[in-house]
Chemist: 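Got a structure here, written out as structure tokens. Questions coming.
Per chain, numbering begins at 1; letters A, B, ... match sequence-line order.
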Amino acid sequence: MLATSRPHRQRRALTYHIASLVALLAFWWLLSYYTNSAHIIHGASALPSPLSVLNAIAGLSVFLAPGTPTTLAHGLAALWQNTLVSAERLLGGVLLGAAIGITAGLLLAWSKLVRLLVQGPVLLVRTIPLMALVPLFLAWWGGTSFGILAFIAFAVFSVVVISTVEAAGNVPPELVNLARTLGAARFRIYRTVILPAIVPAVIGGLRVVIGIGWALLLAGEYLGAQNGLGHVLIMAEDYLYTARMALIVVMIMVYTFVLDRLFTLAADWITRWMPKD
Amino acid sequence: MSEITIEHLSVSFTRRRAGAFAALQDVSAHITPQTFVAILGLSGSGKTTLLNVVAGLLQPTSGRVLLDGRPITGPGSDRGVVFQQDALFMWRSVVKNVEYGLEVKGMPRAQRRALAEHWLTVVGLKDFAHFFPKELSGGMKKRCQLAMVLANEPTTLLMDEPYGALDYVTKCQLQDELLALLHTTPKTTLFVTHDIEEALYLSDRVLILSRGRLIADMPVTFDSPRTNDLRLSPEFAIAKQRLWRSLDGATQQRPLSLTGLPASIPEQP
């Protein structure tokens, strides 16, 4: 068939995606079946089977309160509770960092002198190894939720501020001139030309940041938190609960996928005016 | 009224290595109100620089430009500029683009929407009011830019090679539309182009620039309304030839040395 309709092609692509995922799951199952007999570390299977990962949900009940009976419902509640805690840190940090970064970027881009003055320090900030800052943030805020949120916010800020300043410098000069010839003054040009013109670049910066956001969150939670997905994961390491580790990894994969879809939908709608090439 | 007086205008740009570069040298001209003047020249002849000074986007190095006797100090809504690039706010719908200048003036929402729709009807984009610029063709983008500028009711229209990137037939259509529009709402128009035919067809007067100097100033006296038949008439061809020669003469003054080149290019073995 030469020409296939768009929905038809999409449906076919989806079929292949599902088929390959099912195949991957089957492969995982088989692999875990054959390795479990041979590779046992201190009583735990090195590669937990998909079924044991599902069974690990109930085991999370201990994170609710000491003495909570181990049931699937309690396990799910614990999973949900820790997901909310982590989501709050991640999204709170991203939003706070993006808000401060965009505002600061716009202020910095206003004047050429300020831009030149901050260029050096901003380049310096980029060379900071973010992971090395985790202990410092923990020293400042202790293992509080806000410490981790602030750490993520700082990382997001350092990326967003640069992309905002760069984008503001890249706005086509003819658009600024057009506004000038239509009588617009400087502040109006900033609000009605520069600000909307940089939106796609800022969204691009945010996408990168959300990608590394999970890594930053986990790093923060490993070291300092008393709850959250990172805490559950690192606690599982103490007891070699490999199935529980795998469970948290799978959950984070699901969340990342959902978050990315939602972000893409929102971003596509916001930048629907952009020519697609 | 809008009468433009250009007095000994010079503009030079300083480049870090090459030193000063004179984009315009001692250009003087007087443009009477409601005249259509084409500024014709090859690339780099200083046409756009001249237009940008009148627009107020560029300051003269020496000399001055007067608009109705007052020196131009900056851009203003009395002079509408149609840029060479597709200068439209891509994130605004077509009608919102046309409203921009009215927004700046502080006109109430309902009034500016009505006015914007009027100008969209004039340029034939009424049905595309709620489209984004990316959904318009090249010719439609130019019509939108024109509506955007006209909604501001400028007395002077400054156009910088607006139709340069369009196909021939669309270009001819837009030229006719522009003439019809200026017939109903006359404006002093400066139209920068490198297209000899376009300059002749549209204007009452052609100024030819070459390497920053004004080298010719020719009146164009074809009757209006002008139609496509004019493009094919013998007198049009003769006028075209005269302009061509002026431009050609200008090129030959370029310090382009061909000495030292072989008389004929050797053929490949």
Side-chain angles (χ1 to χ4, degrees), chain A residues 6 98 102 105-106 109-112 116 160 163-164 166-207 263-277, chain B residues 48 51-52 54-58 72-94 96-107 112 130-136 141 144-154 156-162:
Chain A
R6 212 181 123 99
I102 293 169
L106 284 171
W110 175 267
S111 131
K112 196 167 183 179
L116 287 173
V160 169
S163 59
T164 305
E166 273 175 5
N170 288 337
V171 174
E174 66 263 19
L175 291 184
V176 173
N177 282 340
L178 174 68
R180 287 176 70 196
T181 60
L182 290 168
R186 199 172 171 200
F187 183 70
R188 182 186 290 274
I189 293 175
Y190 221 64
R191 188 167 55 80
T192 61
V193 182
I194 307 286
L195 191 59
I198 64 169
V199 165
V202 171
I203 284 179
L206 275 180
R207 191 187 295 274
F263 185 84
T264 304
L265 277 177
D268 283 355
W269 189 80
I270 293 169
T271 61
R272 65 194 179 285
W273 50 268
M274 256 178 55
K276 303 268 184 295
D277 26 27
Chain B
T48 298
L51 200 82
N52 282 340
V54 180
L57 294 171
L58 209 59
I72 288 167
T73 53
S77 56
D78 54 342
R79 283 150 288 144
V81 186
V82 178
F83 291 90
Q84 186 176 4
Q85 303 90 346
D86 289 329
L88 287 169
F89 301 126
M90 293 93 78
W91 50 88
R92 285 177 167 241
S93 64
V94 166
K96 284 279 220 174
N97 266 284
V98 179
E99 279 179 44
Y100 189 84
L102 307 173
E103 250 173 64
V104 174
K105 283 182 176 166
M107 187 182 282
R112 65 172 193 248
H130 300 286
F131 282 52
F132 280 114
K134 70 164 181 184
E135 296 162 302
L136 303 183
K141 281 186 188 139
C144 182
Q145 276 181 271
L146 192 60
M148 196 171 176
V149 163
L150 291 175
N152 242 10
E153 288 175 9
T156 304
L157 196 54
L158 305 172
M159 304 181 80
D160 186 7
E161 288 186 38

Chemist: With chain A, which of B:Q84, B:Q145, B:E103 has the greatest number of heavy-atom pairs at distances under 4.5 Å?
Modeler: B:E103
Chemist: So what's closer than 4.5 Å to chain A heavy atoms on B:L88: side chain, backbone, both or neither?
Modeler: backbone
Chemist: Is there a donor-acceptor contact under 3.5 Å from the side chain of B:N97 to the main chain of B:R92?
Modeler: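 Side chain of B:N97 to backbone of B:R92: a pair is present.
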Chemist: Is the closest side-chain donor-acceptor distance between A:T264 and A:R207 under 3.5 Å?
Modeler: yes
Chemist: Any idea which of B:K105, B:Q85, B:R79, B:K134 has the most non-hydrogen atom pairs under 4.5 angstrom with chain A?
Modeler: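 Among B:K105, B:Q85, B:R79, B:K134, the one with the most close pairs to chain A is B:K134.
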Chemist: Measure distances from A:T271 to the heavy atoms of chain B and classify the residue's part below 4.5 Å as side chain, backbone, both or neither.
Modeler: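 Nothing of A:T271, per the 4.5 Å heavy-atom cut-off to chain B.
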Chemist: Measure across B:F89 and B:P133 and return the closest heavy-atom pair with its distance rounded to 0.1 Å.
Modeler: O-CG, 3.7 Å
Chemist: Return the option, out of B:S77, B:G101, B:A87, with the maximum number of heavy-atom pairs under 4.5 Å with chain A.
Modeler: B:A87
Chemist: Nearest heavy-atom pair of A:S163 and A:G205: which atoms, and what distance?
Modeler: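 Between these two residues, the closest heavy atoms are OG-CA, 4.3 Å.
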Chemist: Is the terminal nitrogen or CZ of A:R186 (NZ for Lys, CZ for Arg) located under 6.0 angstrom from the six-membered ring centre of A:W110 and within 45° of that ring's axis?
Modeler: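 Pair A:R186/A:W110 counts as cation-pi.
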Chemist: Chain B heavy atoms under 4.5 Å from A:V193: which part of the residue, side chain, backbone, both or neither?
Modeler: both
Chemist: Can you tell which of A:A184, A:G183, A:A185 has the highest number of heavy-atom pairs within less than 4.5 Å of chain B?
Modeler: A:A184
Chemist: Can B:L146 and B:M159 be said to form a side-chain contact (heavy atoms from CB on, under 4.5 Å), step by step?
Modeler: CA-CA 9 Å; B:L146 192 60; B:M159 304 181 80; 4.0 Å; yes
